[in-house]
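Below: one structure, written as structure tokens.
Naming: A, B, ... by sequence-line order, numbering from 1 per chain.
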Protein chains: 2
Amino acid sequence: MKTIRSYKGCSCRAIDPELVESIKSEMPEDDFFQDISDRFRVLADPTRLKIVYALSLREMCVYDIANMLEMTQSAVSHQLRTLKQAKVVSFRKNGKMVCYSLVKCDIAKLFAMVSKQLAAEG
Amino acid sequence: MKTIRSYKGCSCRAIDPELVESIKSEMPEDDFFQDISDRFRVLADPTRLKIVYALSLREMCVYDIANMLEMTQSAVSHQLRTLKQAKVVSFRKNGKMVCYSLVKCDIAKLFAMVSKQLAAEG
DNA sequence: CAGTTATATGAACAGGTGTACAAACGAGAA
DNA sequence: TTCTCGTTTGTACACCTGTTCATATAACTG
């Protein structure tokens with residue numbers, strides 16, 4: 001991300017094709033934006049955020065989480081699958097149970113960052 | 001976000017209601033998670049990320065953006081509306097044109113942060 | 001005034017997402 | 001083995017989202 005440069009209006013419909021091309025050439029590939037948006041989407045759901053928050057407090061099994069959130073165990077399992085695929089959580093088998101914990105990654109930092117922003121705004 | 005504490009299995013179906021309550025009591029209100037997920041959702045779309053990126057380079061009008069992204073002006077306008085409501089972008093009227101620019105806020109930092117993470121992972 | 005240009009808005013549609021229900025799986029217990 | 005418990009998975013459905021098309025608005029031009 002570079003700094004903002006001044007820009008003197010636009011010719012719009014009769015825009016200079018070379019200018020458009022120059023801007024386009026500065027843009028990363030589509031995959032780049034897709035990957036980043038995918039990463040943000042993981043945290044774009046209240047249920048998943050609750051799970052992430054709870055797991056930041058303590059390791060928990062699926063049924064615990066379901067009870068805490070007053071949700072179906074199935075729904076929680078589906079969301080854990082999403083978080084697992086995104087490598088936000090990891091798990092450890094313990095007999096019949098599966099204990100989930102938060103992978104110490106920057107996603108947790110993202111959460112904390114936005115949460116702090118929100119608090120600052122009031 | 002507190003640090004992870006060890007947790008010795010769960011009693012699951014016969015879980016101690018007081019334990020569940022104690023975890024619940026440590027959880028913020030629903031609105032908290034809703035607000036944060038809303039904020040992440042704004043960046044959970046490739047098109048909006050492209051716009052944010054482009055506007056970090058230079059101020060642009062709607063038609064410029066549409067040309068650059070090879071998208072309908074209407075589609076771009078709809079997305080700019082979303083970004084405007086989220087206070088990620090601001091605008092300045094210039095005759096018929098409306099020039100959009102990036103509000104210098106932490107959302108741009110989030111973008112940079114995730115983008116950096118992604119690059120580090122390769 | 002009418003006509004054009006830049007943008008915004010509303011409706012409709014396809015595709016995606018989160019949840020509940022039901023069934024299946026896997027590991028212990030009897 | 002059969003049973004139960006914790007979890008996973010498949011399906012269905014309601015809801016949400018992003019785009020397109022068509023129309024509306026707002027500002028400049030002649």
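- Remark: the backbone N or O of A:Met97 is not paired with any side-chain donor or acceptor of A:Asn94 at under 3.5 angstrom.
- Nearer to the 5' terminus of DNA chain C, by closest-nucleotide assignment, is the contact made by B:Val98 (compared with the other of A:Lys96 and B:Val98).
- Within the 4.0 Å cut-off from OP1 or OP2 of D:dT17, not a single side-chain nitrogen or oxygen of B:Gln79 is found.
- Taking atom CD of residue B:Gln85 and atom C1' of nucleotide D:dT17, one finds them 14 Å apart after rounding to whole Å.
- Counting any heavy atom pair closer than 4.0 Å across all strands shown, A:Tyr100 reaches sugar-phosphate atoms only and no base atom.
- For the atom pair OG (B:Ser22) and CE (A:Met68), the distance works out to 10.5 Å, reported to the nearest 0.5 Å.
- For the OP1/OP2 pair of D:dC16 and a distance below 4.0 Å, the side-chain nitrogens and oxygens of B:Arg41 include no atom meeting the criterion.
- We find that the ring of A:His78 and the base of D:dT9 stack, their centres lying under 5.5 angstrom apart and their planes tilted less than 30°.
- Here the side chains of A:Glu59 and A:Arg92 are in contact, with some heavy-atom distance below 4.5 Å.
- Counting heavy atoms of neighbouring residues, nucleotides and ligands inside a 6.0 Å radius, atom NZ of A:Lys84 exceeds 12 of them.
- Rounded to whole Å, atom C1' of D:dT7 lies 11 Å from atom OH of A:Tyr63.
- Taking atom CD1 of A:Ile51 as the reference point, atom P of C:dT19 lies 8 Å away to the nearest angstrom.
- As judged by a 4.0 angstrom heavy-atom cut-off over every strand, A:Ala75 is placed among residues touching the sugar-phosphate backbone only.
- Between A:Arg81 and D:dT7, a side-chain N or O to OP1/OP2 separation shorter than 4.0 Å is absent.
- Spacing between atom CZ of A:Phe40 and atom C1' of C:dT17 amounts to 19 Å, rounded to whole angstrom units.
- Side-chain N/O atoms of A:Thr47 include one lying less than 4.0 angstrom from OP1 or OP2 on C:dT19.
- As a whole-Å value, the separation of B:Asn94 CG from D:dC28 P is 9 Å.
- Under a 3.5 Å cut-off, the side chain of B:Asp64 and the backbone N or O of B:Met60 do not form any donor-acceptor pair.
- On a pure distance criterion of 3.5 Å, a polar donor-acceptor pair joins the side chain of B:Ser74 and the base of C:dT9.
- Nearest nucleotide to the B:Ser77 side chain, out of C:dT7, D:dT9, D:dT20: C:dT7.
- Atoms CG (A:Leu43) and P (C:dT17) sit 15 Å apart, rounded to a whole Å.
- For A:Thr72 against C:dC21, a side-chain-to-base donor-acceptor contact under 3.5 Å is absent.
- B:Asn67 places its CG atom 10 Å from the P atom of C:dA6, with the value rounded to the nearest Å.
- In the interface, the side chain of B:Gln73 is not paired with the base of C:dA6 through any donor and acceptor atom under 3.5 Å apart.
- Between A:Met97 atom CE and D:dT4 atom P there is a gap of 20 Å when expressed in whole angstrom units.
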